Structure formats: C-alpha cells, structure tokens
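Contents: one structure, followed by commentary.
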Amino acid sequence: MFKPGMFKKVLIANRGEIALRVHRACQEMAIRTVAVHSTADATAMHVRLADESVCIGPPAARDSYLNVAAILSAASITGADAIHPGYGFLSENASFAEMVEAHGFAFIGPTAEHIRMMGDKIAAKDAMRRLGVPLVPGSDGALESLEEARAVAERIMYPVLIKAAAGGGGRGMKVAHSADELEEAWRVARTEAKAAFGNDAVYMEKYLDRPRHIELQVMADMHGNVVHFGERDCSLQRRHQKLVEEAGSPALTAAEREAIGAQVTQGLSKLGYRNAGTLEFLWQDGQFSFIEMNTRLQVEHPVTEMVCGVDLVKEQLRVAAGERLGYAQEDISFTGHAIECRITAEDPESFAPSPGRVNTYHAPGGLGVRVDSALYSGYAVPPHYDSLVAKLVVHGKSRAEAISRMRRALSEMVVDGIRTTLPLHQRIMEDPQFQSGDYTIHWLERFVGLRG
Ligand code: ADP
C-alpha cells in the first residue's frame, strides 16, 4: 500500500489542457511529473513541459490514454508514486482506480467504491435519497419494462425523460412529451445506452421544462472533513454539453448556497467520500433536484478557483497524500464573479470538427484573465480527441465586469488556421438575455438555432 507523505512524482494519465493544469500544480509543489502520450501527441505541450514522458501507444484513445496496462507500466518504470487521471478517459473508471492502488500507487481521486456507486446513476440517486439530498421525481430504480415506464410516466406526469443508468455526455437520454412518444423514447434511449455504454439499463425522471444546471464543488480529506467551494452555473448547454460556465450562479442567493452546501457536505461526510467531487442539480422554482455526481475534477473547475482563490488540483494532491484539509467551511469566501468559455476546434455555426494546424496563436492577458490551453503557434490539433482547445476564464468584481472583461479578452484572442467557437462566444457575451442572467438550460439551443 501507498505510504502517506507528499508525493515526489506524479504520472498524469491525460492530455491537452488538463494534463498541463495538473503539471502546473505539481510543479509549484515541487512534485516531478510524468506525461504519457500517444504517437499523435509526441509534440504536445504537456509532453514538452513534463519532467519525463512515456509514449503509451498509437493515436486511438483505446490503445493509448485508455490503455491501463501501458499506463501502469509507465508509472512503474518512471518510479511515480501517484496517478492523476484528469477528466474524461480513465478518470471515472473504478477498475482503473482499483488497479492503480493494487500496484502500490496512490490514485488522486475518490475510492473505487464511490466511483462505481456514482457512475451508476441509479445507485447514485439511491445513495443521495438515503442522505436526504432532494432528487428529480422519477422511477425508484431501473425500469424493467415499457409497461412499468408507462405507469411511472402516468404517476409523475408528462413530459418525462428516459435516461441511461450508465449515461454520460448527454447520450442515452430521450424526452417523451406524451404517452404517444413513450415507446419510441424507451426504444431509442435503450439502444443508444447499449451502443455507448454496453449497458441498456434505463430509468425515468420528470423532464423539467425550464431548469438551470447548478452544480456544487466539494472537497474531502481522508479524515471525514468535507467542505464545498460554492456553485457553478452551467446552464449554457448545447446537446446537454456545457459551453459557458459561471461562478456564482446569477440565480442563487448566499442563503440558498449555504443551505444546499450544508446538506451535501454532511451527507458526503457520512458516506466517507474523499477528494474532489461535483454534485449536479437542476434548479427550478427555488428547488434543487440532484441529477448526478461526478467523482473527479471538472472541466469548469477554474471558475470556482477564481472566486474562492483556491487551487483545486493542489487540494486534490494534498488530500490524496493523506493531509487534512486544515480549514473549515467558514474559512471559504466568495469574491466577485468568474466566467469560463470553452473554446473548441469546431465551426461556430455548424459545430463540424475543425482539427489542423494552428498558424498563429495569441492568448489574451491583463487583469483577471486566465487561459488554460495546450495550444501554441505551429501546433497541429489532432483529429483523434475531444475538440476543446482552450478555456478562457475571467474574473471580475461583478458579473457585469466579468462579462465586459470576457468580451475584451475574446476580441484579443487569436487562433488562426482552424475554425473555433470564438465568434459564438462573442455573440453570447453580447446578448442582452445572457447579460440579464435570466436563462435556462434550453436558452442556448434556441440561440444557436438548433434542437437537441
Ligand atoms: P450526462 O451524464 O449524460 O451529462 P446528466 O444527467 O448530467 O447527463 O444531464 C445532462 C444535462 O441534461 C443536464 O445538465 C440538463 O441540461 C439535462 N437534463 C438532465 N436531466 C434532466 C431532467 N430531468 N429534466 C430536464 N433536463 C434534464
């Protein structure tokens, strides 16, 4: 078993901006880093900056970034003592976490048991129900038959949503507005779930017509201490995928944040949860309804860091090494407002992928501007992976200042040679409805003229 004490060398089992993000935290803590990479990423920024690097396979993710044997071998030969999984790839794979620990490395994340529990959304909802966290009305567990689905839909009333137990990335999710649409939704959701996750178990939720997506960032040590770092509003989504995130939410009061925060931290402390986690809720008519928990660092964690003045990756490293949090909930305060725009290598109108060579890259700067990106001039964005190329994050005294800062930063940013979503973000920031803060999860789909 891994022995407590701060890590000397961390292997980062990821790529792109998040690999860089983890590397930066390690470097400031005098921890050496090992990058792993596919042959397509030999010249990637995370490989260039890490202290050591190991090629773990060909471009396809299943042969490299998902290749558990190659990653564990890389950790062994480089003498790493911990593995940080980033987000995506193996970050929510309970067997991977188990294997990492079985091989004597620390896994920088929760226990395999909690990853497994929260990865099954039905088990996750059960756990939250027991902890007294409010849920979206729906089926008590998996739906066994179409008849059962009909009965639950009659009880909770249409519209309803059929969701995959193993779901992620918005896949395996279908709405039925009325009884006529139920059979089709049931069939399509199950087929999609089977194809995407190899598991066709589905459950049902009431489809909320105008919710906001509000999530809570938590951090727990191994000694039962749990705190939250407030909420992020991620209501700006296209096809259930987040594009813009804010901290705090324009819709929430400090008292509402405190109430849900207290409930969640008490629940997770009872559960014995450790490391970082995010509880995702829908928020409608002043009510929180839990939808899922992510047992890892989120893409949008920087907005929380900006308003709380905390480095969440350093906190993850500290608690994974067995340190106590060393502060209490009342020591955490929230200052100003932060916004993140996810810049992807996609056409801003059609969202068609646009990988390729970046001739010129220029990152904006100035007070309150942060860019998390692995881009550089001359870098070729490979076609094999996620299209996220930069996270542009700003912090301001107020939401209005953050918006004007984001508009200024977007106008300075240059990513020349590929198409990116920069112009779309500029249009969103200029929109009066976005500026008013009054929007739901459905707003962006209408704004870009698409149906989910
Ligand atoms: P995934 O894990 O696939 O991302 P989630 O359960 O996190 O699935 O849901 C993703 C998004 O889908 C939410 O942020 C929200 O926009 C929408 N959604 C999920 N459940 C509901 C619901 N019951 N009613 C309305 N929208 C929902």
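Everything numeric here is computed off the predicted structure, so don't read it as measured data. Both ligands and their constituent atoms are indexed starting at 1 by order of listing.
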Closer than 4.0 angstrom: is that true for some heavy atom of Lys121 and an atom of ligand 1?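 Yes, Lys121 has a heavy atom closer than 4.0 Å to ligand 1.
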Would you please determine whether Lys163 falls within less than 4.0 Å of ligand 1 on a heavy-atom basis?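 Judged by the 4.0 Å heavy-atom criterion, Lys163 does count as contacting ligand 1.
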What residue among Ile18, Leu66, Ile71 forms side chain to side chain contact (heavy atoms under 4.5 Å, CB included) with Phe89?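 Output: one option passes, namely Leu66.
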Passing option when Asp311 is tested against Gln316, Arg318, Arg24, Arg21 for side chain to side chain contact (heavy atoms under 4.5 Å, CB included):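 That would be Arg21.
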Against heavy atoms of [X], which atoms of ligand 1 measure under 4.0 Å?
X	answer
Gly170	1 (P), 3 (O), 4 (O)
Glu280	7 (O)
His213	13 (C), 14 (O)
Ile441	15 (C), 16 (O), 26 (N)
Tyr207	24 (N), 25 (C), 26 (N)

For [atom], what's the nearest protein heavy-atom neighbour? Residue, atom name and distance, please.
atom	answer
atom 16 (O) of ligand 1	Gln237 OE1, 2.7 Å
atom 7 (O) of ligand 1	Glu292 OE2, 2.6 Å
atom 12 (O) of ligand 1	His240 ND1, 3.0 Å
atom 24 (N) of ligand 1	Leu208 N, 3.0 Å

Looking only at distance, does [X] have an N or O less than 3.5 Å from an N or O of ligand 1?
X	answer
Ile291	no
Met173	no
Pro211	no

Using a 6.0 Å cut-off, check whether atom CD of Glu183 has over 12 heavy atoms from anything other than its own residue.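 Open.
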Using a cut-off of 6.0 Å, state whether more than 12 heavy atoms not belonging to Glu430 lie near its atom CD.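 Yes, enclosed.
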Six-ring centre of Phe434, Arg399 cation under 6.0 angstrom, axis tolerance 45°: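 Judged by the rule (NZ or CZ under 6.0 Å from the ring centre, within 45° of its axis), Arg399 counts as positioned above Phe434.
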How long is the span from the CG atom in Leu243 to the CZ atom in Phe447, to the nearest 0.5 Å?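 Between Leu243 CG and Phe447 CZ, I get 11.0 Å after rounding to 0.5 Å.
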Whether Phe105 and His103 hold their rings parallel, tilted or perpendicular, with breakpoints at 30° and 60°: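 Because their plane-to-plane angle is under 30°, the rings of Phe105 and His103 count as parallel.
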Criterion salt bridge (charged side-chain N to carboxylate O under 4.0 Å, His left out) on Asp386 and Arg342, from CA distance to verdict: CA-CA 12 Å; Asp386 190 90; Arg342 296 191 190 192; over 6 Å; no
Worked check of ring-ring contact (aromatic ring centres under 6.0 Å, His included) between His114 and Tyr273: CA-CA 7 Å; His114 289 145; Tyr273 190 81; 5.6 Å; yes
